[in-house]
Protein chains: 2
Amino acid sequence: MEQPRGTRVRGTRQASAVAAALTSLPGFCSAQEIHAELRRRGETVGLTTVYRHLQVLSEQGAVDTIRDPSGETLYRQCGSTAHHHHLTCRVCGRSVEVEGRVVEQWAEKVAAEAGFTSVDHTVELFGLCPDHAA
Amino acid sequence: MEQPRGTRVRGTRQASAVAAALTSLPGFCSAQEIHAELRRRGETVGLTTVYRHLQVLSEQGAVDTIRDPSGETLYRQCGSTAHHHHLTCRVCGRSVEVEGRVVEQWAEKVAAEAGFTSVDHTVELFGLCPDHAA
DNA sequence: CTGATAATAGAAACGATTATCATTACGAGC
DNA sequence: GCTCGTAATGATAATCGTTTCTATTATCAG
């Protein structure tokens with residue numbers, strides 16, 4: 001519904017490559033890791049391009065982004081477009097999508113009580129997956 | 001209880017200055033803003049030193065840190081040492097401490113179900129305070 | 001096939017934070 | 001009060017993820 005016809009969004013080799021890498025990588029990973037992964041596969045894609053596609057995909061809601069404790073941005077292709085959060089392993093990046101109706105409700109209630117509006121929230125859970133338990 | 005007597009932690013002008021600035025600033029603010037505020041007051045404190053003190057205070061639990069959407073780290077002196085979260089105004093940085101027993105419990109439950117351990121969580125709420133409602 | 005222009009990618013710019021290290025100053029003991 | 005060892009400081013340089021710049025390349029409608 002947003003494609004007037006004529007000259008618009010072009011399908012490029014790089015766009016597919018980034019999307020493919022994202023699909024094949026199991027957990028959250030950084031833009032740089034994705035870039036490295038592409039080179040490993042023999043795909044030549046500039047780092048700039050990787051960032052650009054990740055940003056676009058993120059805006060479209062096709063990938064989820066979180067920030068790891070060090071401040072790096074991590075990306076992951078997500079199954080559902082619905083709002084959800086993640087429980088991510090600090091060691092391997094493997095993550096589980098968790099649904100948080102409870103949290104959403106809590107956030108709204110708290111915000112309303114304080115008189116705040118247009119409230120947005122970030123909720124991230126980091127821990128050790130079964131394979132990496134201390 | 002952790003001060004053997006002899007040569008230990010030194011109380012310096014800079015340490016007090018950073019603490020004072022933190023006390024006087026109402027909302028969350030960045031290390032650089034704190035540094036600027038100090039210079040404005042005529043206090044001469046190096047940026048490096050500001051960062052160092054903020055880190056120490058943060059480890060002691062005397063200040064809370066969050067990351068704003070752009071990735072910058074923000075600091076704020078906190079009343080309670082108890083675990084809590086914040087509801088921060090996107091415009092003025094003013095923030096309210098909110099207690100989240102519900103969230104903690106939810107986080108633990110979700111983690112246990114997925115078999116994750118050593119789970120840590122970050123929960124931040126950003127919105128518009130009454131004064132800045134659209 | 002061809003041309004207009006979107007997309008690409010390397011290099012340089014950026015901005016927050018951290019590391020380096022010579023200098024300064026606190027404060028315990030004389 | 002004065003000295004000295006050492007913690008603290010702070011200017012500068014280095015890091016590092018990310019963004020901007022811009023000349024070049026490649027896509028796709030006609």
Side-chain angles (χ1 to χ4, degrees), chain A residues 2-22 28-60 62-76 93, chain B residues 2-22 28-60 62-76 93:
Chain A
E2 312 273 317
Q3 196 111 343
R5 183 82 25 165
T7 305
R8 279 285 152 152
V9 183
R10 292 181 178 175
T12 63
R13 174 177 62 77
Q14 291 87 340
S16 325
V18 172
L22 228 23
F28 273 95
C29 46
S30 68
Q32 320 244 1
E33 283 170 344
I34 292 169
H35 181 235
E37 170 65 17
L38 288 172
R39 309 204 97 182
R40 202 173 301 127
R41 299 187 186 190
E43 291 279 1
T44 305
V45 180
L47 180 56
T48 308
T49 305
V50 172
Y51 272 107
R52 180 150 19 82
H53 281 293
L54 287 174
Q55 192 174 306
V56 170
L57 289 170
S58 165
E59 281 167 9
Q60 294 177 340
V63 301
D64 269 11
T65 70
I66 59 177
R67 269 172 201 283
D68 74 2
S70 82
E72 216 176 339
T73 304
L74 306 181
Y75 305 82
R76 183 195 183 195
Chain B
E2 312 272 316
Q3 198 109 342
R5 186 78 26 162
T7 305
R8 279 287 152 152
V9 183
R10 292 181 179 173
T12 62
R13 174 178 59 79
Q14 291 88 341
S16 324
V18 172
L22 228 21
F28 274 95
C29 46
S30 68
Q32 320 246 0
E33 282 170 345
I34 292 170
H35 180 235
E37 171 65 17
L38 288 172
R39 311 205 95 182
R40 200 173 303 129
R41 299 186 185 190
E43 290 280 1
T44 305
V45 181
L47 180 56
T48 309
T49 304
V50 172
Y51 272 107
R52 200 181 4 245
H53 282 293
L54 287 174
Q55 191 174 305
V56 170
L57 290 170
S58 166
E59 281 166 10
Q60 293 177 343
V63 302
D64 270 10
T65 69
I66 59 176
R67 270 173 201 284
D68 74 2
S70 80
E72 216 175 340
T73 303
L74 306 181
Y75 305 82
R76 184 196 182 194

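Residue numbering restarts at 1 for every chain, and letters A, B, ... go by the order of the sequence lines.
- For the atom pair CD1 (B:Ile34) and CD (B:Glu37), the distance works out to 9.0 Å, reported to the nearest 0.5 Å.
- Going from atom NE2 of A:His53 over to atom P of C:dA7 covers 8 Å, rounded to whole Å.
- Between B:Thr12 and B:Ser16 the shortest heavy-atom distance is O-OG, 3.0 Å.
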Show me the donor-acceptor pairs, under 3.5 Å and distance only, between side chains in residues 43-53 of chain B and residues at least two apart or in other chains.
from: B:Glu43; atom 1: OE1; to: B:Arg13; atom 2: NH1; distance (Å): 3.3
from: B:Tyr51; atom 1: OH; to: B:Gln32; atom 2: NE2; distance (Å): 3.1

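- Closest non-hydrogen pair, B:Glu33 versus B:Phe28, comes out as OE1-O, 4.5 Å.
- Across the protein-nucleic acid pair, A:Glu33 atom CD and D:dG17 atom C1' stand 12 Å apart, rounded to whole Å.
- For the helix from C:dC1-D:dG30 to C:dC30-D:dG1, the end axes, each set by the C1' atoms of five terminal pairs, are bent relative to each other by 20° (nearest 10°).
- Atom NE2 of residue B:His35 and atom SG of residue B:Cys29 lie 13.5 Å apart, to the nearest 0.5 angstrom.
- Protein atom CD of B:Glu43 is 14 Å distant from nucleotide atom C1' of D:dT9, rounded to whole Å.
- In this structure, CD of B:Gln14 is placed 17 Å from P of D:dA7, rounded to the nearest angstrom.
- Taking each heavy atom of B:Ser30 and B:Leu74 in turn, the nearest pair found is N-CD2, 3.6 Å.
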**Fill in**
Counting primed atoms, P, OP1 and OP2 as sugar-phosphate and everything else as base, the B/S/- map of nucleotides 10-20 of chain C against protein heavy atoms under 4.0 Å is BB----SBBB-
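- Looking at heavy atoms from C-beta onward, B:Leu22 lies in side-chain contact with B:Leu54 at the 4.5 angstrom threshold.
- B:Thr12 has a side-chain polar atom (N or O) that falls below the 4.0 Å cut-off from OP1 or OP2 of D:dT9.
- Across all their heavy atoms, B:Leu38 and B:Ala21 have their closest contact at CD2-CB, 3.9 Å.
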